[in-house]
Amino acid sequence: MHREIRKFLAGMAVAAAALAAPAPLARLHADKGVACADCHGKGKARVDDNEQAPNLACVRCHGDLKAMAKGAADPLNPHASHLGATSCTICHRGHEASRSYCLSCHDFDMKMPGGTDAAWKPRPDPARRDRRVDRADVVVVGSGAAGMVAAITAHDAGARVIVLEKQPLTGGNSMLAEGGMNAAGTKAQARKGIKDSVELMREDTLKGGKFLAEPALVEILARGSAASVDYMEGLGADLSDVGRLGGASVSRAHRPTGGLPVGAHLVDVLRRNAASRKLDVRVNSRVVKLLEGRDGAVTGVEVCGLHRGTYRILAKSVVMASGGFSANPARVARYQPSLEGMASSNQPGATGDGLDLGEARGGKLRDLEQIQIHPSVAKGSRILITEAVRGNGAILVNRQGERFFNEIGTRDAVSQAILHQEGKSAFLLFDEGVRQSLKQIDGYFHLKLVKEGATPEDLARVLGLPGAALRATLDAYNAAVDAKLDPLFKRPDLPRALRTPKFYAIEVNPGIHYTMGGLAVDTATRVLAKDGKAIPGFFAAGEVTGGVHGANRLGGNSISQTITFGRIAGETAAGFAKRQPERK
Ligand code: MEZ
């Protein structure tokens, strides 16, 4: 075909595609008389990877998130979500179709101006290179609880810190944490008369992890836990409610008053502390390489910023806190083929890039095949139903309307028990008493995941279960609660009988939740090379590390790990940086 005709036809195809695509916001704004210069250009702030400039323009006209959320009757309000203070431009795009971040985990019917109904996805890296070089004492990769705590601690120890987050918002998986933060020997436990000890938490953790964990790391987790609760309370957190989670000998999961989800609260506290310290936190900033010095030390990072392009930051220490890989189906299937196709409860950024970066710099990886499935993800969704619902008294029943396991056993055991039931799912059953004991249950009602009935028989009808069997199961369970003894499954904690109408149920099945393996570290969070020696200038904390949980993590130990080891990483990285000369 003649070249000109080919060019013309290609041009027509592009124009047709543009017409078929939803109108980007820029065009909708132009239709309302808003000029490009009203948001961009001379006299306006430059767009950086944090995208604050376009966000300020949005807020100037539309108001902030609070204002946008005001007056909406529906509790499912994307402007008042559990993600907290996010940027408009995460979802709303000026020059391309907008995509809802909520849809990367939820299945809502969401329409937005200039949008598609497709899920959010990362935008492609720009090809440009920025030759300017930034400098820091400590670079932290990842902005979940481990990263933010490491950054705040390093800053408070006098270091110049830069935090890099590849996602468009901070918080990582920590933001989704629900059930609580484990700690032994806290003031909140003492107020409630709960007798716990470092030794008991250590033994529970080692046993729950099938004795594969590194005892020295577990000792630090347990020994540091109460101080970590104090630390977070010192930053402004409320961790005064204490509940029981699977595999724990006593109640030690700390969360906000009324049993609100722990993660969104802690992330909010950490964001506020980072902001008040004017920490340099950069979102949309993906680390693509760890820089190596002549002495083998890690000397900084190469970053790809959404707008800035690829650039280098020279640093004296780097803390890897980039999380696990539960949201990376290919990687999960590589280590555990049996989990192929199973839904994950994680946010979309949990892809395990930090493992590749660390391994490329000589870091040793351990226990990667240890992948945790959580027993209760709402069937047909990616929504985790916190273990705390069981901890506060809910039971699991199968399609015969019968209990089949100790509901607060360890996750590996409860998950396997569910997978052995007909339909490979179970019904999480609770009453109004349990609902009132744990505020985070309200969220499941908002998400329309809960079925209800005025009596057990009503609920059985709604669920398609045999009513007489369900009634008999509840009667037997309530008798066990009264007698403080569960003859069927030896459930060790029977916090309340299930007698208060209404009766509720959520159908649940196991989902990929946590990756126990990762970079090998020592007790000072120094990343270890294959020869067992620490790599100078390289530290790691949180889910990117391996060795703290062994073959199975206990619920509530993840947030505990992020705070305790995040604090150690921040301190050690800042201390190491102090002893180094300026990088050239
Ligand atoms: O630590 C966790 O993963 C946890 C407590 C999850 C949950 O069920 O809430």
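All heavy atoms count here, side chains included; hydrogens, waters and symmetry mates do not.
Of the possible donor and acceptor atoms, none in the side chain of Thr564 sits under 3.5 Å from a partner among the backbone N and O of Gln561. The closest donor-acceptor contact from the side chain of Asp238 to the backbone of Thr257 lies under 3.5 Å. A donor-acceptor pair under 3.5 Å is formed between the side chain of Ser317 and the backbone N or O of Ala573. Without hydrogens or angle criteria, Asn77 side chain to Ala69 main chain gives a donor-acceptor distance under 3.5 Å. Of the possible polar contacts, none joining the Ser225 side chain to the Ala183 backbone as a donor-acceptor pair under 3.5 Å is found. Arg567 places no side-chain N or O within donor-acceptor distance of the main-chain N or O of Glu571, the cut-off being under 3.5 Å. With hydrogens and angles ignored, the 3.5 Å screen pairs no side-chain donor or acceptor of His374 with any backbone N or O of Leu384. Of the possible donor and acceptor atoms, one in the side chain of Thr515 sits under 3.5 Å from a partner among the backbone N and O of Phe325. At distances below 3.5 Å, at least one donor-acceptor pair connects side-chain atoms of Asn50 with backbone N or O atoms of Val281. Ser381 places a side-chain N or O within 3.5 Å of a backbone atom of Ala378 that can act as its donor or acceptor partner.
A distance of 9.0 Å separates OG1 in Thr89 from CG in Leu306, rounded to the nearest 0.5 Å. In this structure, OH in Tyr444 is found 3.5 Å from CD in Glu178, a value given to the nearest 0.5 Å. Atom CG of residue Leu279 and atom CD1 of residue Ile162 lie 10.5 Å apart, to the nearest 0.5 angstrom. With rounding to the nearest 0.5 Å, the separation of OG1 in Thr525 from CZ in Phe539 is 6.0 Å. Note: Asp117 CG to Leu103 CG = 8.0 Å, rounded to the nearest 0.5 Å. Distance check, rounded to the nearest 0.5 Å: CG of Leu519 to OG1 of Thr545 gives 7.5 Å.
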>> Between Arg308 and Asp48, is the salt bridge (Lys or Arg N to Asp or Glu O under 4.0 Å) condition met? List the steps.
In response: CA-CA 7 Å; Arg308 182 163 169 183; Asp48 64 13; over 6 Å; no

>> Assess the residue pair Asn182 and Met201 against the criterion (side chain to side chain contact (heavy atoms under 4.5 Å, CB included)); give the C-alpha distance rounded to whole Å, side-chain angles, the decisive distance to 0.1 Å, and a yes or no.
In response: CA-CA 9 Å; Asn182 282 349; Met201 180 169 169; 3.9 Å; yes

> Given Ser98 and His92, is the side chain to side chain donor-acceptor pair (under 3.5 Å) satisfied, shown in steps?
Replying inline: CA-CA 5 Å; Ser98 297; His92 301 287; 4.5 Å; no

> So Asp137 and Lys578, side chain to side chain contact (heavy atoms under 4.5 Å, CB included) or not? Walk me through it.
Replying inline: CA-CA 8 Å; Asp137 295 323; Lys578 256 189 208 144; over 6 Å; no

>> Using side chain to side chain contact (heavy atoms under 4.5 Å, CB included), reason through Arg331 and Leu355 one step at a time and then give a plain yes or no.
In response: CA-CA 11 Å; Arg331 196 187 280 265; Leu355 303 177; 4.0 Å; yes

> Step by step, would you call Asp356 with Lys289 a salt bridge (Lys or Arg N to Asp or Glu O under 4.0 Å)?
Replying inline: CA-CA 9 Å; Asp356 296 330; Lys289 192 174 163 187; over 6 Å; no

>> What verdict does the side chain to side chain donor-acceptor pair (under 3.5 Å) test give for Ser143 and Glu165, after you've listed the backbone C-alpha separation in whole Å, the side-chain angles of each residue and the deciding distance to 0.1 Å?
In response: CA-CA 6 Å; Ser143 69; Glu165 169 58 58; 2.6 Å; yes

> Given the rule in the side chain to side chain contact (heavy atoms under 4.5 Å, CB included) test, do Val303 and Arg286 qualify, once you have shown the distances and angles that lead to the verdict?
Replying inline: CA-CA 5 Å; Val303 192; Arg286 195 164 63 82; 5.8 Å; no

> Should Arg271 and Thr170 be marked as a side chain to side chain donor-acceptor pair (under 3.5 Å) after you check the CA-CA gap, both sets of side-chain angles, and the distance that decides it?
Replying inline: CA-CA 8 Å; Arg271 281 177 180 160; Thr170 56; 2.8 Å; yes

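With respect to Arg282 and Asp280, a salt bridge is recorded, a charged nitrogen being found less than 4.0 Å from a carboxylate O. The pair Lys187-Asp230 counts as a salt bridge, with a side-chain nitrogen and a carboxylate oxygen less than 4.0 angstrom apart. Using a 4.0 Å cut-off between charged nitrogen and carboxylate oxygen, Asp196 and Arg252 count as a salt-bridge pair. Using a 4.0 Å cut-off between charged side-chain N and carboxylate O, Arg312 and Asp130 make no salt bridge. Look at Glu292 and Arg361 and you find a salt bridge, because one of the NZ, NE, NH1 or NH2 atoms lies within 4.0 Å of a carboxylate O, short of that distance. For the pair Lys166 and Asp353, the salt-bridge criterion is met [side-chain N within less than 4.0 Å of a carboxylate O].
A cation-pi arrangement is absent between Arg132 and Tyr311, since the terminal nitrogen or guanidinium carbon is not both under 6.0 Å from the aromatic centre and inside a 45° cone about the axis. Tyr514 carries Arg553 over the face of its six-membered ring, with the cationic atom under 6.0 Å from the centre and within 45° of the normal.
In this structure, Ser240 and Ala188 approach most closely via the heavy-atom pair O-CB, 4.0 Å. Scanning both residues, Ala226 and Gly185, for their nearest heavy atoms gives CB-O, 3.9 Å. Shortest non-hydrogen contact noted between Thr562 and Ala145 is OG1-CB, 3.4 Å. Summarising the geometry of Asn346 relative to Ala350, their closest heavy-atom pair is OD1-CB, 3.7 Å, with the distance given to 0.1 Å. The heavy-atom pair separating Val138 from Ala577 by the smallest distance is CG2-CB, 4.3 Å. Considering all non-hydrogen atoms of both residues, Ile313 and Leu291 come closest at O-CD1, 3.9 Å.
Residues Val521 and Phe538 form no side-chain contact, since every pair of their non-hydrogen atoms from C-beta on lies 4.5 Å or further apart. Put simply, the side chain of Ser560 reaches to within 4.5 Å of the side chain of Leu221, judged on heavy atoms. A heavy-atom distance below 4.5 Å is not found between the side chains of Val262 and Gln440. When side chains are defined from C-beta on, Arg272 counts as touching Asp268, because their heavy atoms get closer than 4.5 Å. Residues Ile383 and Leu449 meet the side-chain proximity criterion, which asks for heavy atoms closer than 4.5 Å. Taking 4.5 Å as the limit, every side-chain heavy atom of Asp134 sits out of range of all side-chain heavy atoms of Leu314. Contact annotation: the side chain of Met181 approaches that of Ser228 to within less than 4.5 Å [non-hydrogen atoms, C-beta and beyond]. With a 4.5 Å cut-off on side-chain heavy atoms, Leu176 and Asn173 count as touching.
Just one residue in the list Lys192, Glu233, Arg191, His254 forms a side-chain hydrogen bond (donor to acceptor under 3.5 Å, both in side chains) with Thr186, and that residue is His254.
Counting heavy-atom neighbours within 6.0 Å of Lys111 NZ, excluding the residue itself, gives a total above 12. Crowding of Asp107 atom CG: a count of heavy atoms from other residues, nucleotides or ligands under 6.0 Å not exceeding 12.
Using cut-offs of 30° and 60° for the angle between ring planes, the His82 and His106 rings count as perpendicular.
Using modelled atom types and a 3.5 Å distance limit, the side chains of Glu51 and His307 yield a donor-acceptor pair.
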